[in-house]
Protein chains: 2
Amino acid sequence: MLTYTEENYLKAIFQLQEDEKGKISTNSIAERLSTTPATVSDMLQKLAAKKMVNYLKYYGVSLTAGGKKKAINVVRKHRLWELFLYEKLEFNWDEVHEIAEQLEHIQSETLVQKLYDFLGKPKTDPHGDPIPDEEGVFPDLNTIPLAVVAVRKDAIVIGVSDHRPDFCNTYKRLV
Amino acid sequence: MLTYTEENYLKAIFQLQEDEKGKISTNSIAERLSTTPATVSDMLQKLAAKKMVNYLKYYGVSLTAGGKKKAINVVRKHRLWELFLYEKLEFNWDEVHEIAEQLEHIQSETLVQKLYDFLGKPKTDPHGDPIPDEEGVFPDLNTIPLAVVAVRKDAIVIGVSDHRPDFCNTYKRLV
DNA sequence: AATAAAATTTAGGCAAATCTAAAAATTAAT
DNA sequence: ATTAATTTTTAGATTTGCCTAAATTTTATT
Ligand SMILES: [Mn+2]
Ligand SMILES: [Mn+2]
Ligand SMILES: [Mn+2]
Ligand SMILES: [Mn+2]
């Protein structure tokens with residue numbers, strides 16, 4: 001069983017790996033989790049002992065298959081809860097992230113499954129991020145970055161990458 | 001800000017105080033929380049330092065006004081989540097308690113308020129226990145113990161006091 | 001290739017929450 | 001009123017997660 005903190009590390013490494021690809025540095029994890037590199041070093045050794053990450057001292061870290069599975073499950077829970085808060089409880093989209101940071105750690109596989117059904121097996125969260133299915137497979141949303149859309153071509157914005165309240169609060173969600 | 005553990009202590013003391021009235025013993029808390037009296041002693045001193053309990057060494061403990069308020073809020077959250085799980089996610093009534101033990105610690109007053117509204121400002125949880133309102137006031141349900149009902153008199157069972165899965169699972173909820 | 005800079009790890013400490021074993025205080029029984 | 005039993009607290013350890021400061025290793029620059 002992983003602790004709250006360990007889950008946050010796995011999620012952070014997973015999300016860093018999506019951009020940076022390959023091995024992730026101690027410093028980048030520290031920055032993302034607002035902690036110190038020393039603390040990260042410590043934790044990486046614990047996660048390596050639990051076979052959640054491949055870790056070679058001084059040369060960065062990557063998730064094992066098991067670690068990736070756990071990480072994806074946390075992401076899944078985070079996004080399902082965000083959608084629940086937004087759709088069912090009528091939170092604004094700038095308020096959901098912070099609460100989902102807590103809810104993503106609730107332990108109950110049945111709960112995730114029932115929440116998923118309750119929300120109608122959704123494919124995206126309120127920020128437009130894909131929600132993995134029960135197998136951990138992300139839906140293909142066929143999206144491209146706004147910066148890449150051709151001049152004078154129509155496009156629909158379906159999501160943003162920044163989830164911070166101050167950013168989200170600047171824009172309204174139309175749907 | 002109280003920790004997860006501190007909240008559990010306050011809730012336990014509150015619920016013990018409902019039966020036993022007056023000062024609560026170290027041992028009874030230890031038993032309820034499945035921990036040791038030594039651990040409880042430690043914690044009571046911390047809670048006393050935070051003005052959450054009135055504590056006189058060797059002579060038991062009681063909640064301060066502030067401690068009681070926190071305790072009631074945890075109870076409120078616990079019961080609201082139980083009802084959510086039962087009514088909205090279609091959990092059986094024997095499954096909700098354990099998950100609510102986790103959910104009751106999610107920090108967000110807005111969330112509690114929105115959940116309360118979403119559930120229609122309910123007065124009881126799936127086990128028939130009263131849900132305090134936003135002011136911490138418990139609804140008066142006008143109930144009496146089944147053992148006290150007069151012979152040949154009709155009565156409606158609206159709740160049980162035992163929330164453990166093995167007990168609840170023995171009976172079906174009809175409503 | 002040697003040195004400087006940056007990144008990373010180790011060492012030593014601290015707070016929270018837990019335990020067991022020992023000491024102290026209270027309560028119950030002669 | 002002593003003594004015995006029970007309850008409670010203290011002492012000393014352990015684990016987890018975090019920190020700062022120092023040491024080490026890698027990477028970049030002359
Ligand atoms: Mn988010
Ligand atoms: Mn989190
Ligand atoms: Mn319950
Ligand atoms: Mn709890």
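Chain naming here is simple, since letters A, B, ... match the order of the sequence lines and numbering starts at 1 in each.
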Query raised in the report: Does some side-chain heavy atom of A:L10 sit less than 4.5 Å from a side-chain heavy atom of A:V74?
Result: no

Query raised in the report: Quick one: B:Y9 OH to C:dA16 C1', roughly how many Å, whole number?
Result: 11 Å

Query raised in the report: Are A:E104 and A:K11 ion-paired here, with the side-chain N under 4.0 Å from a carboxylate O?
Result: yes

Query - Results of ring pair (Phe, Tyr, Trp, His ring centres under 6.0 Å) for A:Y9 - residues two or more places apart only - result: none

Query raised in the report: So what is the end-to-end bend of the helix from C:dA1-D:dT30 to C:dT30-D:dA1, with 5 pairs used at each end and the value given to 10 degrees?
Result: 10°

Query raised in the report: Do any N or O atoms from the side chain of A:K51 and from the backbone of A:T64 form a donor-acceptor pair under 3.5 angstrom?
Result: no

Requested in this report: Tell me yes or no: between the side chains of B:H78 and B:D125, is some donor less than 3.5 Å from an acceptor?
Outcome: no

**Report entry** Side-chain N,O (A:T35) to OP1/OP2 (D:dC18) below 4.0 Å
**Finding:** no

Query raised in the report: Do B:V96 and B:L89 touch side chain to side chain, with heavy atoms closer than 4.5 Å?
Result: no

Requested in this report: Assign a letter to each nucleotide of nucleotides 5-16 of chain D from its 5' end: B, base within under 4.0 Å of a protein heavy atom; S, sugar-phosphate only; -, no contact.
Outcome: --SBBB------

Query raised in the report: So does A:E6 pair up with A:K70, basic N to acidic O under 4.0 Å?
Result: no

Query raised in the report: Would you call the rings of A:F84 and B:F84 parallel, tilted or perpendicular if under 30° counts as parallel and over 60° as perpendicular?
Result: tilted

